[in-house]
Asker: 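Provided herewith is a single structure, encoded as structure tokens, for subsequent inquiry.
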There are 2 protein chains.
Amino acid sequence: MNPFATHFESLEEFADRVSELLQCPITIEDANHRLIAYSGHEHYTDPARTATIIHRRVPERVINSLWREGVIPKLLQSEEPVRVTEISEVGLGNRIAISIWKNKEVLGFIWAIEMNEQWTEQQFHLLKQAAKAAKNLLSQLQIRKHKKEERIQEFFWKLLTGHVSSPHDIVEQCHQLNVHVYPFFSVGIFQFQQQIQTQVERQIDYLLKTTQQLAIPLYTIDHQRLIVLVAPSSNVYGEANIERFFRSFMTQMRERFRVDILMGAFGNVYECYTKIAKSYEEAQTVLKMKRAFPHQLANIQSYQHLGMYQFFDLLFEQKRHGDFHNAALEKLKQYDAQHHTNLVETIETYLDCDSNVNETAKTLNIHPNTLAYRLKRISEIGNIDLSNMSEKVKLYIDMKLDKYRTT
Amino acid sequence: MNPFATHFESLEEFADRVSELLQCPITIEDANHRLIAYSGHEHYTDPARTATIIHRRVPERVINSLWREGVIPKLLQSEEPVRVTEISEVGLGNRIAISIWKNKEVLGFIWAIEMNEQWTEQQFHLLKQAAKAAKNLLSQLQIRKHKKEERIQEFFWKLLTGHVSSPHDIVEQCHQLNVHVYPFFSVGIFQFQQQIQTQVERQIDYLLKTTQQLAIPLYTIDHQRLIVLVAPSSNVYGEANIERFFRSFMTQMRERFRVDILMGAFGNVYECYTKIAKSYEEAQTVLKMKRAFPHQLANIQSYQHLGMYQFFDLLFEQKRHGDFHNAALEKLKQYDAQHHTNLVETIETYLDCDSNVNETAKTLNIHPNTLAYRLKRISEIGNIDLSNMSEKVKLYIDMKLDKYRTT
DNA sequence: CAAGCTTTTGTGGATTTCCACAAAAGCTAT
DNA sequence: ATAGCTTTTGTGGAAATCCACAAAAGCTTG
């Protein structure tokens with residue numbers, strides 16, 4: 001019944017047996033992604049696997065990708081196999097992974113490369129049996145897995161994805177990893193123009209290690225992104241300090257190393273380390289909004305200064321349900337279409353310019369009186385009171401949400 | 001085993017039997033709330049039951065309350081008993097109700113008055129058995145329940161609560177009920193100062209029937225509220241027409257009949273009758289926001305002009321999860337507390353006044369230059385760019401959400 | 001194309017805003 | 001109490017806004 005119910009001389013023999021049964025290459029790692037065993041059959045092997053075997057551990061950048069994609073979180077949460085679709089940036093092909101459990105603790109992982117065909121139920125079942133069998137084999141190995149040995153970057157990813165326990169545990173783990181704990185922090189992201197090469201990694205490391213503006217206890221690189229935990233020295237001017245550091249970092253990368261950074265963003269400054277995940281999400285929101293509104297948010301880096309765009313994901317979700325229909329905006333659009341006018345563009349620019357007549361007129365290349373006339377028509381056609389803040393806000397948000405939809 | 005497995009001479013005998021077993025008064029109605037049978041034992045009877053028995057039907061206002069409270073929707077959806085807590089405005093005591101089903105259709109209802117003690121599991125079980133037994137007795141009765149006989153008000157409540165089928169069915173039902181179908185409509189609510197008495201009902205009916213401004217195909221009265229379906233003649237000026245009608249209705253009620261209406265509100269104008277429930281909800285939202293922001297929304301009646309307050313329930317919900325923390329606002333509050341200043345009030349008034357310096361200064365009774373100075377301080381302390389619409393919006397919404405929380 | 005409409009641009013003057021500077025008033029801590 | 005700070009109010013001039021009115025240009029429609 002159970003094809004793994006025999007005695008295995010070594011873990012390699014076990015890996016070969018699994019590989020034979022599943023007809024694909026097998027890799028077994030411990031909980032810290034160090035290689036334990038791998039099958040030797042002649043099969044296609046993707047670059048990520050090759051590198052893992054050569055260095056006897058999974059490359060950092062592969063692990064980073066797996067965290068970001070949510071693969072490792074899933075593996076740490078359930079005993080079910082997880083399918084990983086190709087992550088070509090790190091040379092990872094289609095994979096199936098499963099975690100090896102003992103007493104509610106993950107001992108390690110089995111990785112299978114998915115060959116050409118989709119897996120059958122039978123194959124998934126076999127993999128689960130293999131994971132059960134591996135449990136006994138691994139626990140005999142007396143694998144040293146002190147927390148000290150966990151690598152810093154993976155720890156950072158755990159914090160970023162919210163896979164953490166109590167604040168106290170976090171602090172303790174920081175001490176063990178020799179990571180200084182600061183009273184305030186924020187998570188920042190730099191979006192690079194291209195994938196970050198090894199050489200650039202060294203340059204980043206250099207800049208981060210030598211900066212005096214604030215402390216950077218943790219950082220990690222993921223494909224085109226550099227993610228940093230920044231710790232400003234004071235709470236009051238924390239945000240301004242981070243802002244300054246971000247600008248100078250981007251300038252230095254460009255001027256010294258000719259590496260262009262598309263944009264930087266960071267979340268709120270928090271005190272409790274369990275909020276790292278939140279700050280990270282906020283930073284991601286900033287990036288998302290900067291992509292959707294490159295012009296408006298060109299100079300914005302912090303979540304705090306995202307202004308109303310903080311609400312946009314939430315509002316957009318609701319709008320998709322057909323809520324927040326704006327009759328005024330509809331009428332203006334209709335008028336524009338029928339009479340070849342630019343009322344919507346006019347009011348949007350006007351609000352962009354904070355209701356400043358001169359600035360708006362200049363931006364639109366029209367006479368200020370033309371603008372005044374248009375505004376009068378807008379309030380007539382749309383039945384809008386343009387001296388009412390609440391109505392202006394509604395109209396502004398609805399227009400921007402419209403734009404957000406098209407991106 | 002089953003206490004109802006015997007032969008009953010009449011439905012009255014059945015009602016008496018149920019009453020005996022449950023030790024409480026029992027009333028049996030058909031699907032249109034007409035009285036079919038009732039128990040005659042000497043028990044306490046609430047005013048609603050007395051009126052039902054005397055008129056051989058449940059009073060309109062009781063039915064309206066039951067729809068609004070969601071009792072009838074529940075009864076029409078499941079075969080489980082529903083507990084109704086006292087609705088004293090309509091003389092309804094604590095009740096237990098259950099619907100009588102046959103072939104996925106509701107034939108009628110059994111109502112039990114809950115006497116002093118809470119019901120036991122045993123009692124609920126008995127009631128369910130009674131409902132099953134009533135099914136056979138009722139279906140023998142060949143109860144005439146043509147849709148024509150369904151009363152108009154109940155039909156309106158079905159529309160309001162979204163218990164409707166296809167638009168086509170709705171139109172057909174309208175024809176059967178002799179209700180004219182108009183191309184556009186909106187749902188409006190008038191909130192009266194006191195419960196609406198019979199005399200006032202007649203006055204309302206008179207005014208609604210004689211108005212020429214727009215058509216009112218359906219209306220219903222519920223405790224302190226009058227709910228109307230209004231049909232403006234044109235789509236373009238529909239909202240303005242409704243607005244005018246609302247004002248004149250309120251004026252006339254006050255001047256002719258000395259009846260004060262606290263406020264009126266109406267939802268969006270739609271074309272499809274399935275959207276009546278949505279328009280009704282929007283009208284309710286307007287009332288809610290008018291209660292929370294009586295000053296700002298004093299002159300607002302339509303959902304369309306609710307402006308940004310349309311978002312508030314949604315945003316507030318998210319804010320309760322700890323999102324949207326506004327550091328700028330926090331700093332201003334803190335500064336106010338430490339230095340006995342009014343920065344928050346100042347900026348809120350300034351934004352209320354649409355960034356109009358003169359108006360704000362007059363409202364706050366300060367010199368315009370004082371305002372300018374305060375604004376400069378606000379932008380310094382809060383690190384806010386007051387000429388950035390997005391930041392202003394964020395700050396404004398956060399301040400108003402703060403107020404919303406305290407109401 | 002001519003009439004009637006909307007839209008753009010122009011002019012001028014009353015009003016408001018913006019800004020710099022300064023005096024006065026108020027608060028706080030030594 | 002006094003020095004040092006913040007806050008309020010005042011003055012005046014440049015700039016911007018607002019408003020009414022009007023000419024010109026553009027478009028739609030019969």
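Small disclaimer: the values here were computed from a predicted structure and weren't measured. Residue numbering restarts at 1 for every chain, and letters A, B, ... go by the order of the sequence lines.
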Asker: Any chance NE2 of His168(B) has more than 12 other-residue heavy atoms, nucleotides or ligands included, within less than 6.0 Å?
Answerer: no
Asker: Judged by each residue's nearest nucleotide on DNA chain D, which is more toward the 5′ side, Lys362(A) or Pro368(B)?
Answerer: Pro368(B)
Asker: Rounded to the nearest angstrom, tell me the gap between atom CG in Leu375(B) and atom P in dT6(D).
Answerer: 18 Å
Asker: Should His367(A) be listed as having a side-chain N or O under 4.0 Å from OP1 or OP2 of dG10(C)?
Answerer: yes
Asker: Starting at atom CG of Asn342(B), determine the distance to atom C1' of dG26(C), rounded to an integer number of angstrom.
Answerer: 14 Å
Asker: Send over the distance from Leu386(B) CG to dC18(C) C1', rounded to a whole Å.
Answerer: 15 Å
Asker: How far apart are the closest heavy atoms of Tyr273(A) and His180(A), and which atoms are they?
Answerer: OH-O, 4.3 Å
Asker: Roughly, in whole Å, what's the span from CG in Leu364(B) to C1' in dT8(D)?
Answerer: 14 Å
Asker: Measure the distance from CD1 on Ile378(B) to C1' on dT6(D) and round it to the nearest whole Å.
Answerer: 15 Å
Asker: Can you tell me if Arg374(A) touches the phosphate of dT8(C), counting only side-chain N or O atoms and a distance under 4.0 Å to OP1 or OP2?
Answerer: yes
Asker: Atom CD of Gln338(B) to atom P of dA29(C): distance rounded to whole Å?
Answerer: 11 Å
Asker: Hey, does the side chain of Tyr373(A) come within less than 4.0 Å of dT8(C)'s phosphate (OP1/OP2), counting only N and O?
Answerer: no
Asker: Using only side-chain N and O atoms of Thr370(B), determine if any of them is under 4.0 Å from OP1 or OP2 of dT7(D).
Answerer: no
Asker: Mapping Asn356(B) and His340(B) onto DNA chain C by nearest heavy atom, which one lands closer to the 5' end?
Answerer: Asn356(B)
Asker: Examine the base of dT7(D) for any acceptor or donor lying under 3.5 Å from a partner atom in the side chain of Asn369(B), and report the outcome as yes or no.
Answerer: no
Asker: Counting just side-chain N and O atoms, does Arg377(B) come under 4.0 Å of either OP1 or OP2 of dT6(D)?
Answerer: no
Asker: Of the nucleotides dT6(C), dT9(D), dT6(D), which one has an atom closest to the side chain of Tyr335(A)?
Answerer: dT6(C)
Asker: Could you give the CG-to-P distance, from Asn365(A) to dT8(C), as a whole number of Å?
Answerer: 13 Å
Asker: Could you tell me if the ring centre of Phe190(A) sits under 6.0 Å from that of Phe249(A)?
Answerer: yes
Asker: Quick check: are there more than 12 heavy atoms from other residues, nucleotides or ligands sitting under 6.0 Å from NZ of Lys333(A)?
Answerer: yes
Asker: Rounded to the Å, how far apart are Glu359(A) CD and dT17(D) C1'?
Answerer: 14 Å
Asker: Asn358(A) has a side chain; which of dA16(D), dT11(C), dC18(C) sits nearest to it?
Answerer: dA16(D)
Asker: Flag the pair Glu380(B) and Arg377(B) as a salt bridge only when some basic side-chain nitrogen lies within less than 4.0 angstrom of an acidic carboxylate oxygen.
Answerer: yes
